[in-house]
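Step one of this worksheet: look at the structure below.
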Amino acid sequence: MKRSTQIVALLGLVAGINAGMAQAADTGFYGYLSAGQSKSDRKAESDQAMTGAGETAFTSSYDGTDTGYKLQAGYQINKNFAVEGGYADLGKFTYSANITAPSVTSGVVTLKVNGWNIGVVGRLPLNDTVTGFAKLGAFAYNADYACTRTGSACVTPNRTASGTSTNYGVGADFTFAGNWFARAEYEVYTRVGDPMSADASTGTSRADVNMASVGIGYKF
């Protein structure tokens with residue numbers, strides 16, 4: 001009877017230790033670096049601004065994809081929730097136009113977007129190595145607009161827009177080699193930038209920026 005009591009007590013101690021280790025593994029700080037393709041469609045707004053500025057005949061093209069990257073840090077509260085944030089560079093987008101009336105000229109506009117984000121993450125462990133997640137947060141952005149033109153000067157060629165927008169996303173973490181993990185995710189940064197004025201003299205254009213990325217991180 002005494003031996004049975006000792007065995008039960010030992011099993012209880014082992015179970016308690018294992019539960020404590022599991023709980024510890026579900027909490028703590030982490031960080032990751034990721035990169036991927038960003039995309040933002042601003043051509044229609046830019047074409048409309050050209051028309052509003054008095055350009056009656058032109059052809060245009062738009063490069064709305066670039067490489068973006070993020071450096072993020074977070075804290076896992078438990079296995080289902082975390083908070084994270086950091087710096088995100090969403091890349092550069094380029095609009096080009098060849099104008100034939102009322103004058104013959106050409107111009108190029110670039111828009112660079114970067115900023116700081118913070119948000120909450122809901123996590124769902126699928127097995128011992130894969131965890132799916134969804135995130136919702138805020139993005140404090142900076143959008144730098146630059147215009148160059150042949151034959152005549154751009155109206156307000158250098159502009160900056162700053163503000164706070166919403167960002168959200170989904171993805172998955174893949175744990176490997178102890179505390180290391182890989183991450184794949186898709187995010188949307190909503191309504192980044194200032195709308196263009198009717199005559200294109202102010203504003204940077206406003207649109208969502210989407211980003212698909214992969215990265216690597218470490219749990220401390």
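Heavy atoms only: backbone and side chains are in, while hydrogens, waters and symmetry mates are out.
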Residue pairs fulfilling salt bridge (charged side-chain N to carboxylate O under 4.0 Å, His left out) with at least one residue in [range], sequence neighbours excluded:
{"range": "residues 50-61", "result": "Glu55-Arg149"}
{"range": "residues 98-111", "result": "none"}
{"range": "residues 191-207", "result": "none"}
{"range": "residues 87-114", "result": "none"}

Other ILVMFWY residues reachable from [X] by side-chain steps of under 4.5 Å:
{"X": "Phe181", "result": "Tyr30, Tyr32"}
{"X": "Trp180", "result": "Phe29, Tyr75, Ile77, Val83, Val120, Phe176, Ile216, Tyr218, Phe220"}
{"X": "Leu124", "result": "Leu126, Val130, Phe174"}
{"X": "Tyr141", "result": "Met50, Phe58, Tyr62, Leu90, Phe93, Tyr95, Ile99, Val109, Leu111, Val113, Phe139, Tyr145, Tyr189, Val192, Met196, Val209, Met211"}

Examine the side chains of [X] and [Y] and answer whether a donor and an acceptor come within less than 3.5 Å of each other.
{"X": "Asp66", "Y": "Gln37", "result": "no"}
{"X": "Thr175", "Y": "Thr129", "result": "no"}
{"X": "Ser213", "Y": "Lys70", "result": "no"}

In short, Gly193 meets Thr204 closest at the heavy-atom pair CA-OG1, 3.6 Å
Shortest non-hydrogen contact between Arg123 and Ala82, atoms and distance
CD-CB, 4.1 Å
Treat each ILVMFWY residue as a node, draw an edge where side-chain heavy atoms are under 4.5 Å apart, and state whether Leu136 and Val188 are in one component.
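Both belong to a single hydrophobic cluster.
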Show your reasoning for whether side chain to side chain donor-acceptor pair (under 3.5 Å) applies to Ser60 and Asp47.
CA-CA 8 Å; Ser60 64; Asp47 283 344; 2.8 Å; yes
Run the side chain to side chain contact (heavy atoms under 4.5 Å, CB included) test against Thr100 and tell me which residues pass, sequence neighbours left out.
Ala57
Could you walk me through whether Thr150 and Ser106 pass the side chain to side chain donor-acceptor pair (under 3.5 Å) check?
CA-CA 6 Å; Thr150 62; Ser106 62; 3.2 Å; yes
Flag the pair Lys39 / Asp41 as yes when at least one side-chain heavy-atom distance between them is below 4.5 Å, and no otherwise.
no
Residue pairs, two or more places apart or on separate chains, that pass side-chain hydrogen bond (donor to acceptor under 3.5 Å, both in side chains) and touch residues 155-168
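Checked against side-chain hydrogen bond (donor to acceptor under 3.5 Å, both in side chains) - neighbours excluded - the pairs reaching residues 155-168 are Asp144-Thr160.
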CG of Asn210 to OG of Ser40: how many Å apart, nearest 0.5 Å?
7.5 Å
Supply the atom-to-atom distance Lys43 NZ to Ser96 OG, rounded to the nearest 0.5 angstrom.
10.5 Å
State whether the number of non-hydrogen atoms from other residues, nucleotides or ligands found under 6.0 Å of Asp128 atom CG is greater than 12.
no
Could you pull out all residues at least two apart from Ser103 that satisfy side chain to side chain donor-acceptor pair (under 3.5 Å)?
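Partners of Ser103 under the side chain to side chain donor-acceptor pair (under 3.5 Å) test: none.
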For residues 112-134, the ring-ring contact (aromatic ring centres under 6.0 Å, His included) pairs (sequence neighbours left out) are Tyr87-Trp116
Would you say the side-chain atoms of Arg183 pair up with the backbone N or O of Gly215, donor to acceptor, closer than 3.5 Å?
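Side chain of Arg183 to backbone of Gly215, a donor-acceptor pair under 3.5 Å: no, none is there.
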Between Thr27 and Gln76, does a side chain to side chain contact (heavy atoms under 4.5 Å, CB included) hold up when you go through it step by step?
CA-CA 5 Å; Thr27 65; Gln76 190 166 324; 5.5 Å; no
Run Asn117 and Gln72 through side chain to side chain contact (heavy atoms under 4.5 Å, CB included) and show every step you take.
CA-CA 9 Å; Asn117 65 288; Gln72 304 280 295; 2.9 Å; yes
